[in-house]
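Inspection log for the structure reproduced underneath, given as structure tokens.
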Amino acid sequence: QTTYNYFKFIEIVEKLQNKGIHVIAVGIGTVPDSGQLGQATQNEEDVISAPQDVDPATLGNRIMERAFQRRDMIRY
């Protein structure tokens, strides 16, 4: 990954967040860079790591649980 791509990525994430879009970062594999993924979210709890052989349904459920948990927190 080049420095340009990284900064472009952060720029896009910030635009999404400014529009009220909840960003959840997902790292799949043996060594996801959780620090870098954490920079893509406003909350470190919005970083999900999973092994490469994770069951897609299980991962999908984790993502949806996090998305709706955050949404419920914002509603109150």
Inset, instruction - With rounding to the nearest 0.5 Å, note down the distance linking CD1 in Ile10 to CG in Asn5. - result: 12.0 Å
Legend entry - Least distance between heavy atoms, Val47 atom then Gly38 atom: CG2-CA, 3.5 Å
Inset, instruction - Taking atom CD of Gln17 as the centre, report whether more than 12 heavy atoms of other residues, nucleotides or ligands fall under 6.0 Å from it. - result: yes
Inset, instruction - Taking side-chain hydrogen bond (donor to acceptor under 3.5 Å, both in side chains) as the test, write out the residues that go with Asp55, two or more places apart. - result: Thr58
Inset, instruction - Go through the steps for Asn43 and Arg66 under the test side-chain contact (heavy atoms from CB on, under 4.5 Å), then give the verdict. - result: CA-CA 11 Å; Asn43 183 341; Arg66 186 65 201 142; 3.5 Å; yes
Legend entry - Minimum heavy-atom distance Val23-Leu16, with the two atoms named: CG2-CB, 4.2 Å
Inset, instruction - Sequence neighbours left out, what passes side-chain hydrogen bond (donor to acceptor under 3.5 Å, both in side chains) with Glu11? Give chain and number order. - result: Lys15
Legend entry - Side chain to side chain, Ile24 and Arg62, heavy atoms closer than 4.5 Å: no
